[in-house]
Amino acid sequence: MAAPLSDTPLSPPSPLKTIAVVGLGTMGTGITEVLATAGREVIGIDISEDRTARALAALQAATARSVERGRLTAGERAGALARVRTATDLGAAADADLVIEVAPESYEIKQRILTGLDAVVRPETILATGTNALSVTRLAAGSARPERVLGLHFFNPAPAMRLVEVVSSVLTAPQAVAAVTGLAIELGKEPVAVGDRPGFVADGLLFGYLNQAAAMYESRYASREDIDAAMRLGCGLPMGPLALLDLIGIDTARTVLEALYAESRDRLHAPAPILGQLSEAGLTGRKAGRGFYTYEAPGSGTVVPDAPAPAAGGPSAGGREVRSVGVAGSGTMASGIAEVFAKAGFQVVLAARSEEKARTAKARIGTSLARSVDKGRLTAEAAAGVLERIVPAGSYDAFADVDLAVEAVAEDLEVKRRLFAALDKVCKPGAVLATTTSSLPVIACARATSRPQDVIGMHFFNPAPAMKLVEVVRTVLTSDEVHATVRAVCARTGKHAVDCGDRAGFIVNALLFPYLNNAVKMVQEHYASPDDIDAAMKLGGGYPMGPFELLDVVGLDVSLAIEKVLHREFRDPGLAPAPLLEHLVAAGCLGRKTGRGFREYARR
């Protein structure tokens with residue numbers, strides 16, 4: 001990916017058998033464990049014997065756990081520990097084939113280490129920086145042998161995380177890249193080759209998303225619990241963004257974002273003020289015992305109740321009784337929502353523009369229920385009972401007696417406004433009227449009625465029977481009673497409700513789609529391929545799907561429409577849709593549904 005500074009051929013790199021690790025904090029100790037258990041001789045170096053002793057103790061504990069879990073034998077553990085020796089002087093790295101520095105994220109500290117290593121290591125020794133935020137090029141330029149300096153970015157915890165980003169600068173020799181790439185493969189890791197820019201691939205995408213989540217919480221748009229639950233349940237992420245910031249370290253996140261912003265000048269990377277406030281107060285996350293959440297003790301992952309924690313019991317206002325539900329629409333989302341309500345015991349009227357469309361939608365529910373029976377999730381009798389509770393109708397007049405009407409029609413504001421005007425005339429006084437919009441203003445639907453206080457957003461996620469999340473969207477006119485009613489209905493259907501206000505994207509889409517858009521920009525700028533970016537986010541971020549896999553599933557046209565809504569609402573230049581996304585949509589490359597998006601698919 002990068003070329004050496006000169007054309008002078010370099011001697012072949014030595015086999016990377018002896019490796020020095022400079023900096024024995026959590027990451028350095030983890031890398032030491034990975035190397036030693038893979039058969040490498042490791043020299044662990046830190047500034048004091050106290051630090052090296054702590055690292056050895058942590059290494060002994062970690063390898064003991066691996067034996068208990070059957071990942072290592074006692075003999076393998078003994079061999080690994082025997083291959084590790086420690087020192088407090090950089091001179092101990094003299095015989096190393098590779099040195100990996102994982103010192104604090106400071107140019108001054110890292111350049112001092114690299115300068116010190118220049119004086120003691122062999123000319124062919126590769127020097128790798130573990131930075132995730134600083135310029136590898138700038139660090140290499142200060143070295144006597146810049147062609148031998150590159151980035152080797154492991155992810156925490158290093159023994160468990162498979163991704164390793166191999167970072168080339170314009171000065172890096174291809175032989176050095178090949179040597180460390182081969183090492184990463186031998187260690188059982190998945191190396192991804194990337195160029196030198198702050199954050200590289202995984203952190204470049206991840207930290208923008210985390211920053212937006214922090215800003216969302218700071219604006220009091222949603223609670224920390226709801227933001228985290230929304231991203232876990234709506235996107236399948238292993239952790240919510242605020243809990244992840246606490247794990248990473250809020251001070252570390254702020255440092256990475258400062259580096260990203262210095263490079264990009266993108267407001268999405270400008271650290272949210274709350275990150276600076278928490279850092280300055282020493283509330284840096286789990287390691288301090290308090291960050292966005294409060295923990296049992298410094299270093300603990302156990303969250304304890306604190307002042308911002310929600311009171312038990314949920315909303316205090318009483319709700320209305322809901323026995324029957326009307327679902328408007330005939331598509332996949334409408335039939336999925338009708339299935340959810342019928343399974344929960346509600347009487348459901350499924351209405352479409354014609355009775356034929358409504359019957360087709362009910363038949364789709366029957367097919368879904370049959371699959372559940374085949375998989376043993378439902379008995380045949382229960383499935384029959386669910387289907388019996390659903391009545392298809394060819395007119396919204398059938399909603400005259402429902403207690404809750406939920407629309408799931410096309411994502412078009414005028415279509416929805418006309419529907420709400422019709423529901424206003426048909427539905428009885430006191431009925432709750434809900435929209436499932438994912439991007440349009442709920443208040444615009446409410447104002448099409450004579451009872452805006454009874455209108456609320458209920459944003460289900462697709463497929464509705466499987467996805468646990470519902471975003472409950474209050475407008476400035478929604479009554480407390482209607483809000484409490486919908487929260488209770490969500491609980492009865494087994495869904496997890498999160499509260500948010502009526503603004504574009506709500507929680508999930510407002511955080512998800514800028515991340516997807518930034519991934520497209522990376523490809524557009526020829527920084528990395530869709531395959532490498534997808535691998536980086538799945539292996540380094542724990543995402544169930546890479547951004548390009550997800551874009552092709554969602555539909556590039558749908559994604560572009562949501563990006564445009566976000567850009568129009570927030571007027572942030574960083575939210576402008578990537579031109580590459582616009583070009584693909586214009587070309588009819590919409591993802592899986594057309595057989596081609598960012599990848600090509602076999603047509604069925």
Side-chain angles (χ1 to χ4, degrees), residues 1 153 155 161-168 181 184-185 189-195 197 199-206 208-209 231 234-238 331-333 411 438-439 461-463 466-467 505 508-509 511-567 574-604:
M1 190 169 185
H153 179 213
F155 287 74
M161 300 297 281
R162 291 173 57 205
L163 180 67
V164 174
E165 290 177 319
V166 179
V167 188
S168 303
T181 299
I185 293 170
K189 302 298 184 183
E190 295 276 352
V192 172
V194 296
R197 65 186 245 178
F200 314 130
V201 171
D203 285 354
L205 292 177
L206 176 66
Y209 150 71
M231 298 313 291
C235 297
L237 300 182
T332 303
M333 183 59 83
E411 192 73 347
S438 63
S439 59
F461 287 73
N462 200 22
M467 298 294 281
V508 173
N509 286 347
L511 295 179
L512 175 64
F513 280 90
Y515 149 78
L516 296 175
N517 197 45
N518 285 338
V520 177
K521 289 177 184 177
M522 280 188 175
V523 170
Q524 180 180 288
E525 294 162 8
H526 306 288
Y527 176 67
S529 70
D531 287 346
D532 280 350
I533 294 172
D534 278 356
M537 297 316 295
K538 288 192 290 185
L539 299 172
Y543 283 59
M545 298 179 78
F548 296 99
E549 289 177 284
L550 184 56
L551 281 162
D552 279 355
V553 168
V554 170
L556 273 58
D557 53 337
V558 174
S559 302
L560 177 60
I562 293 173
E563 285 292 348
K564 286 180 175 178
V565 168
L566 291 171
H567 186 221
L575 294 174
L580 176 58
L581 183 61
E582 295 183 303
H583 295 162
L584 286 168
V585 171
C589 301
L590 308 183
R592 289 192 177 185
K593 59 188 173 186
T594 61
R596 184 176 176 187
F598 283 96
R599 296 183 176 89
E600 291 193 18
Y601 302 89
R603 292 186 181 275
R604 294 179 181 178

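We use all heavy atoms of the structure for the numbers below, so side chains are in, but hydrogens, waters and symmetry mates are not. Keep in mind it's a predicted model, so treat the numbers as computed, not measured.
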Next on the checklist: Tell me the closest heavy-atom pair linking Met161 and Phe155, and the distance in Å.
Outcome noted: CB-O, 3.6 Å

Checklist entry - Distance-only, no hydrogens or angles: does the Asp532 side chain make a donor-acceptor pair with backbone N or O of Val192 under 3.5 Å? => result no

Checklist entry - If we only count heavy atoms from C-beta on, is the Phe598 to Leu556 side-chain gap below 4.5 Å? => result yes

Checklist outcome for this item: CD (Glu190) and CG (Leu163) are apart, to the nearest 0.5 Å, by 8.5 Å

Checklist entry - Roughly how far, to the nearest 0.5 Å, is CG of Leu516 from CG of Leu511? => result 11.0 Å

Checklist entry - Can you tell me how far CG of Asp557 sits from CG of Leu581, rounded to the nearest 0.5 angstrom? => result 9.5 Å

Next on the checklist: Testing the basics here: between Glu165 and Gly199, what is the closest heavy-atom pair and its distance to 0.1 Å?
Outcome noted: OE1-O, 4.4 Å

Item to check | salt_bridge(Arg197, Glu525) N-O dist < 4.0 Å | outcome: yes

Item to check | 4.5 Å side-chain heavy-atom contact, Phe548 and Val520 | outcome: yes

Next on the checklist: Applying side-chain contact (heavy atoms from CB on, under 4.5 Å) to Tyr527 and Val201, what does each step give before you reach the verdict?
Outcome noted: CA-CA 9 Å; Tyr527 176 67; Val201 171; 3.7 Å; yes

Checklist outcome for this item: Value for CE (Met231) from CG (Leu512), rounded to nearest 0.5 Å, stands at 5.5 Å

Next on the checklist: If we check side chain to side chain contact (heavy atoms under 4.5 Å, CB included) with Leu580, which of these qualifies: Asn517, Val523, Val585?
Outcome noted: Val523

Item to check | Distance in Å, Tyr543 OH paired with Tyr515 OH, rounded so as to fall on 0.5 Å steps | outcome: 5.0 Å

Next on the checklist: Treating Glu411 as the side-chain partner and Ser439 as the backbone partner, does any N or O pair qualify as donor plus acceptor under 3.5 Å?
Outcome noted: yes

Checklist entry - Would you say Met522 and Leu205 make side-chain contact, with heavy atoms under 4.5 Å? => result yes

Checklist entry - Is there side-chain contact between Leu206 and Asp203, with at least one heavy-atom pair below 4.5 Å? => result yes

Next on the checklist: Rounded to the nearest 0.5 Å, what separates atom CD in Glu549 from atom CD1 in Ile533?
Outcome noted: 12.0 Å

Item to check | Taking every non-hydrogen atom, the tightest pair across Gly234 and Phe461 | outcome: O-CD2, 4.3 Å

Next on the checklist: Testing the basics here: between Leu237 and Pro544, what is the closest heavy-atom pair and its distance to 0.1 Å?
Outcome noted: CD2-CD, 4.1 Å

Checklist entry - How close do His567 and Leu575 get, heavy atom to heavy atom, and via which atoms? => result CB-O, 3.7 Å

Next on the checklist: Testing the basics here: between Ala184 and Pro191, what is the closest heavy-atom pair and its distance to 0.1 Å?
Outcome noted: CB-CB, 3.9 Å

Next on the checklist: Within the 4.5 Å heavy-atom criterion, are Arg599 and Asp531 side-chain neighbours or not?
Outcome noted: yes

Please tabulate, for side-chain N and O atoms in residues 558-566, each donor-acceptor pair with protein atoms closer than 3.5 Å (sequence neighbours left out).
from   : atom 1 : to     : atom 2 : distance (Å)
Ser559 : OG     : Gly555 : O      : 3.0

